[in-house]
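Within every chain, numbering begins at 1; the chains are lettered A, B, ... in the order of the sequence lines, protein sequences first and strands thereafter.
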Amino acid sequence: MVTRVQEAAFDFSVEVNNFQAKVKSAGALVTFTGIVRDDSGGLDYMHIEHYPAMTEAALQKIETQAINKFGLEDALVIHRYGILTPGETIMMVATAARHRKDAFAGADYLMDYLKSRAPFWKKEVSKDHTEWVQAKSTDEAALAAWSRVPKA
Amino acid sequence: MVTRVQEAAFDFSVEVNNFQAKVKSAGALVTFTGIVRDDSGGLDYMHIEHYPAMTEAALQKIETQAINKFGLEDALVIHRYGILTPGETIMMVATAARHRKDAFAGADYLMDYLKSRAPFWKKEVSKDHTEWVQAKSTDEAALAAWSRVPKA
Amino acid sequence: MKLNILYFAWVRERVGHSRETVETDAATVADLVVELLQRDEGCAAAFADMSAICVAVDQELGELTTHLKDSCEVAFFPPMTGG
Amino acid sequence: MKLNILYFAWVRERVGHSRETVETDAATVADLVVELLQRDEGCAAAFADMSAICVAVDQELGELTTHLKDSCEVAFFPPMTGG
């Protein structure tokens with residue numbers, strides 16, 4: 001299990017290769033990559049703030065939950081903070097499982113929990129406008145839905 | 001949209017980098033990788049047979065369906081055939097979407113359809129045993145479930 | 001009329017070869033299967049349980065009731081296991 | 001007792017700084033919020049709608065009713081937006 005919080009960019013290829021090399025009995029590997037999107041066409045950058053004393057522990061807790069709930073062989077979470085420009089990779093997760101459905105569900109679950117339980121805040125900065133990304137009411141609903149999914 | 005059927009191994013990193021470079025407006029990228037698993041510890045290799053005249057068209061049809069159903073920015077499918085040993089990558093899909101849930105659902109949908117509608121057959125060859133991998137009744141049930149998911 | 005028939009996976013193994021051209025008057029897939037069933041032991045074993053076999057006509061999934069026409073390609077195979 | 005208070009995102013922007021140490025007798029998060037609300041305009045703006053704010057006590061998510069003890073770390077922030 002790997003959890004990393006960092007300002008620097010990471011190399012998705014290297015991370016996935018390292019991850020895959022460690023999981024010998026997995027038949028299924030799922031990755032998710034989050035990328036800074038520029039919907040308005042005017043975004044200068046996204047500033048991601050986090051709560052250093054809490055972040056790593058929160059990510060580890062979420063990752064452990066996902067591994068246990070879906071019987072994953074392994075999981076990986078990398079999340080960046082600081083200033084990121086459109087097209088840059090914000091974060092990634094990877095899950096490895098014997099079977100396909102568990103790998104998918106594990107990655108989806110990780111993302112739902114990272115969204116609402118990992119202490120990051122995103123501010124979108126454009127030339128004439130600055131705005132904090134708001135949580136959606138559907139984010140909490142997504143977490144509640146997982147409690148109805150039986151354990152693997 | 002890219003669809004490839006090939007005997008040779010492919011480089012996951014190169015494929016994902018090329019894929020990501022083309023999808024400028026995506027905020028979410030999901031990949032799935034299928035790997036030859038050796039459950040018994042005695043698997044020599046897996047022999048994957050396919051129906052050349054049909055395979056490419058079947059993959060393109062499945063990919064187009066996924067793109068339309070989930071409003072994907074793009075999708076990628078690469079599937080190998082021939083002799084593959086434990087740990088080797090059988091196939092991969094990648095999906096890019098503006099939003100996370102569509103990228104996940106698109107990849108999950110692609111895999112469900114590839115499983116039961118792409119003309120591949122897998123034979124597991126061990127020293128003292130040879131066995132065709134059997135389709136599961138749950139495979140068809142998975143396809144039926146997608147017809148209940150509203151279009152994006 | 002002439003049909004090109006292809007066999008895959010264990011259907012191919014039981015029939016004993018991967019492709020052949022047959023001269024037949026079979027109007028549907030079902031008619032063709034009845035002919036093949038009577039041909040030899042290998043075919044009889046391959047087509048003993050039609051619920052375990054899929055068919056494609058000209059590379060499109062078909063049914064026992066699918067009509068055949070001259071020079072079409074008929075493929076028989078077990079349920080697919082891609083992915 | 002002494003508390004270490006941290007503010008993040010727009011809560012930090014409204015309060016005007018990211019951390020401070022306060023001397024207080026607040027027994028719960030709610031008591032502390034009442035004190036902060038009365039301090040200045042920035043705090044009043046930050047804590048005007050407590051339904052829009054989350055709290056963590058010693059890096060664990062808490063509630064308005066969560067008890068405070070000497071030297072603990074209290075963090076106020078909007079709902080998280082990771083991923």
Side-chain angles (χ1 to χ4, degrees), chain A residues 11-41 43 46 73 86-112 114-115 122 133 136 138-139 142 145, chain B residues 11-41 43 46 73 86-112 114-115 122 133 136 138-139 142 145:
Chain A
D11 186 328
F12 174 83
S13 307
V14 171
E15 302 301 338
V16 174
N17 286 341
N18 290 346
F19 182 73
Q20 187 170 351
K22 285 189 300 176
V23 283
K24 292 297 182 195
S25 51
L29 197 154
V30 169
T31 71
F32 176 90
T33 312
I35 302 157
V36 180
R37 217 173 58 224
D38 181 9
D39 279 346
S40 62
L43 183 71
M46 177 178 271
E73 300 286 324
E88 272 196 83
T89 297
I90 303 170
M91 52 82 64
M92 72 168 288
V93 307
T95 55
R98 292 167 55 80
H99 299 290
R100 183 164 57 99
K101 288 289 178 190
D102 292 325
F104 269 118
D108 196 13
Y109 176 97
L110 276 175
M111 289 307 304
D112 276 347
L114 290 173
K115 189 119 240 153
K122 294 177 183 142
V133 173
K136 298 190 195 76
T138 50
D139 296 343
Chain B
D11 185 328
F12 174 83
S13 307
V14 170
E15 302 300 339
V16 174
N17 285 341
N18 290 345
F19 182 73
Q20 187 169 351
K22 286 189 298 176
V23 284
K24 291 298 181 194
S25 51
L29 197 153
V30 168
T31 71
F32 176 89
T33 311
I35 302 157
V36 180
R37 218 174 57 225
D38 181 10
D39 280 345
S40 63
L43 184 70
M46 176 179 272
E73 300 286 322
E88 272 198 84
T89 297
I90 303 170
M91 51 83 63
M92 71 168 288
V93 306
T95 55
R98 293 166 55 78
H99 300 291
R100 183 165 57 99
K101 288 290 179 188
D102 291 325
F104 269 118
D108 197 13
Y109 176 96
L110 276 174
M111 290 307 304
D112 277 348
L114 290 173
K115 191 119 240 152
K122 293 177 184 144
V133 173
K136 298 190 195 76
T138 50
D139 296 343

Interatomic spacing from OG1 in Thr33(B) to CZ in Phe19(A) - rounded to 0.5 Å: 10.5 Å

For Ser13(B) and Asn17(A), the nearest pair of non-hydrogen atoms, with its separation, is OG-ND2, 3.4 Å

Sort out for me which of Ile90(B), Val36(B), Asp112(B) touches chain A most, counting heavy-atom pairs under 4.5 Å. Asp112(B)

Applying a strict 4.5 Å limit to non-hydrogen atoms, the region of Ser25(A) in contact with chain B is backbone

Can you tell which part of Val30(A) gets under 4.5 Å to a heavy atom of chain B, answering side chain, backbone, both or neither? both

Which portion of Thr89(A) sits near chain B, non-hydrogen atoms under 4.5 angstrom: side chain

Quick one: of Gly34(B), Gly27(B), Pro86(B), Ala96(B), who has the most non-hydrogen atom pairs under 4.5 Å with chain A? Gly27(B)

Results of salt bridge (Lys or Arg N to Asp or Glu O under 4.0 Å) for Glu73(B) - residues two or more places apart only: none

Could you report the tightest heavy-atom contact between Asp108(B) and Arg100(A), atom names first, then the distance? O-NH1, 4.3 Å

Sequence neighbours excluded, the answer for ring pair (Phe, Tyr, Trp, His ring centres under 6.0 Å) partners of Phe32(B) is Phe104(A)

Any salt bridge between Lys24(B) and Asp38(A), counting N to O under 4.0 Å? no

Report which part of Ala107(A) has an atom under 4.5 Å of a heavy atom belonging to chain B: side chain, backbone, both, or neither. both

On a heavy-atom basis, the closest approach of Asp39(A) and Arg98(B) is OD1-NH2, 3.1 Å

Side chain / backbone / both / neither for Ala28(A) at chain B, heavy atoms under 4.5 Å: both

